Number of protein chains: 2
Amino acid sequence: MTFLSASLEQSPSTAEEEAYLYLQRGLRLCRYKPGDRLIPEEIAAEIGMSRMPVREAFRRLAAEGLVTLRPNRGCIVAGLTLDEIYETFEIRSVLEGLAVRLAVPKMDADAFLDLERLLDRMERAGQTGSSDWVVRHQEFHALIYTLSGRPNLIRKINALHVVIEPYMRFWFDYVDKPLSAREEHERLIRAFAQGDALHADQIMQEHILGTAPLLAEFASPVRR
Amino acid sequence: MTFLSASLEQSPSTAEEEAYLYLQRGLRLCRYKPGDRLIPEEIAAEIGMSRMPVREAFRRLAAEGLVTLRPNRGCIVAGLTLDEIYETFEIRSVLEGLAVRLAVPKMDADAFLDLERLLDRMERAGQTGSSDWVVRHQEFHALIYTLSGRPNLIRKINALHVVIEPYMRFWFDYVDKPLSAREEHERLIRAFAQGDALHADQIMQEHILGTAPLLAEFASPVRR
DNA sequence: TCATGGATTTTTGTATCCACTTATCCAATC
DNA sequence: GATTGGATAAGTGGATACAAAAATCCATGA
């Protein structure tokens, strides 16, 4: 579901890494819900290790905002309030807008063809929100962000996607389609073709902020 | 030095917290330099605890990008390449621009007076870059960001400031003054007065991106 | 002189143990 | 019946111990 999901599939080289990936997957797939307590001993038993590596994984997840860690009171799954969902979308809009703006001048004919091909495949995937459409949609955005050539920016964007993935999942499962998606992607392509970085930035910001209200509405059952 | 530095001064309630704050201070004050190895046992001895809490602190610092953790090969201080410094400033520019944009409609007469008072005090502090000027400058920006009413956004901005602080410190120590700072602050105030959010956003972006080349030039000795 | 390989040392990763904090439960009291 | 207080259980934080990995050192040979 995330743009760098491939990199998350690598086999862990330490127990801490394994615990981290295990917990992150659980969080992304909504196996653990906001407010749930994560008990180190339980999780350690589930993946066959002691509590220590699990505790260390908690620290990383806490730093990424996926869980909350209170001294002597354990680890609970962090949930986003409606306000925080909006806030995350606002932050996404400027970060992904920046990525697009930086990508425009680096666009070449090959990359442009790749983009158009993905758009075609999204079209043929049929229903917006279908499994295949979602994958192509991700590839479409990932390709643009990669073009920006800014690894830390991409990392930050990806971290935000992990945080909101449970809410996105709910949305993709239940919402038929964001009707404007196709048109917005085509406008984006056109801005790329014209080399208009600022316009592409603006389209991306609108593209992201436009989905926020939809998401917030449908995400409510997941809220804490 | 950071906008939320006050919140960092709280007394730690656990050993891990203490280790985290100790290491973060060491990193911000350049006591540890990029590429340096951080040896858990040494640090644990320095603050009188065992390696375990120090290791956990490493995880948090790694998630924040302040150190790099390689399996079985320890913890080294992360340095920023010239490209990464630029990238950080690009990210800062859009995030802080967003914060300003959101702050404009929330500006009231009181907040406006506070801003002008800080600008006055910066003026009277004399030399740009002096200790007092730096503090007022931070307060000035912090006040604006607080007005945005977006806690996670502020947290992210602050995290970026911690990352680049060693480079900023070098800059403030050796560079006389960014001549344009005063003029840019006044333009910002004017945009606030007119309620022009987009213009304020743009000014902030230029304000931040304008300092990047200066910083990158003077930061070179700190690079790894 | 430099490269190679293996023994030794150092450091890291994880498990276990203990002390202390927090949560739970139950009875006594209002 | 609701509230409080205290005993008990559960859970967390941290130190130590031990195994495994990496780094270092030194001798050997080209």
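Quick note on labels: first sequence line is chain A, next is B, and so on, each numbered from 1. Because the structure is predicted, anything quoted here is derived from the model rather than measured. Side chains included, hydrogens not; waters and symmetry mates left out as well; all remaining heavy atoms used.
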Quiz item: Taking any atom under 4.0 angstrom from a heavy atom of chain A, which nucleotides of DNA chain C are the first and last to qualify, 5' to 3'?
Solution: C:dT14 to C:dA23

Quiz prompt | Any side-chain heavy-atom pair of B:His185 and B:His207 under 4.5 Å | solution = yes

Quiz prompt | Residues forming a side-chain contact (heavy atoms from CB on, under 4.5 Å) with A:Asn72, sequence neighbours excluded | solution = none

Quiz item: For B:Ala159, which residues count as a side-chain contact (heavy atoms from CB on, under 4.5 Å) partner, sequence neighbours excluded?
Solution: none

Practice problem: Quick one, give me the B/S/- string for nucleotides 5-12 of chain D, reading 5' to 3', where B means a protein heavy atom under 4.0 Å from the base and S means that only happens at the primed atoms, P, OP1 or OP2. | Solution: ------SB

Quiz item: For A:Ile47, which residues count as a side-chain contact (heavy atoms from CB on, under 4.5 Å) partner, sequence neighbours excluded?
Solution: A:Glu18, A:Ala19, A:Tyr22, A:Ile43, A:Met49

Practice problem: Flag the pair B:Arg55 and B:Glu16 as a salt bridge only when some basic side-chain nitrogen lies within less than 4.0 angstrom of an acidic carboxylate oxygen. | Solution: no

Exercise. Could I get the full list of side-chain contact (heavy atoms from CB on, under 4.5 Å) partners for A:Thr146, not counting sequence neighbours?
Key: none

Exercise. Establish, for the pair B:Arg92 and B:Phe89, whether the NZ or CZ atom is under 6.0 angstrom from the six-membered ring centre and no further than 45 degrees off its axis.
Key: yes

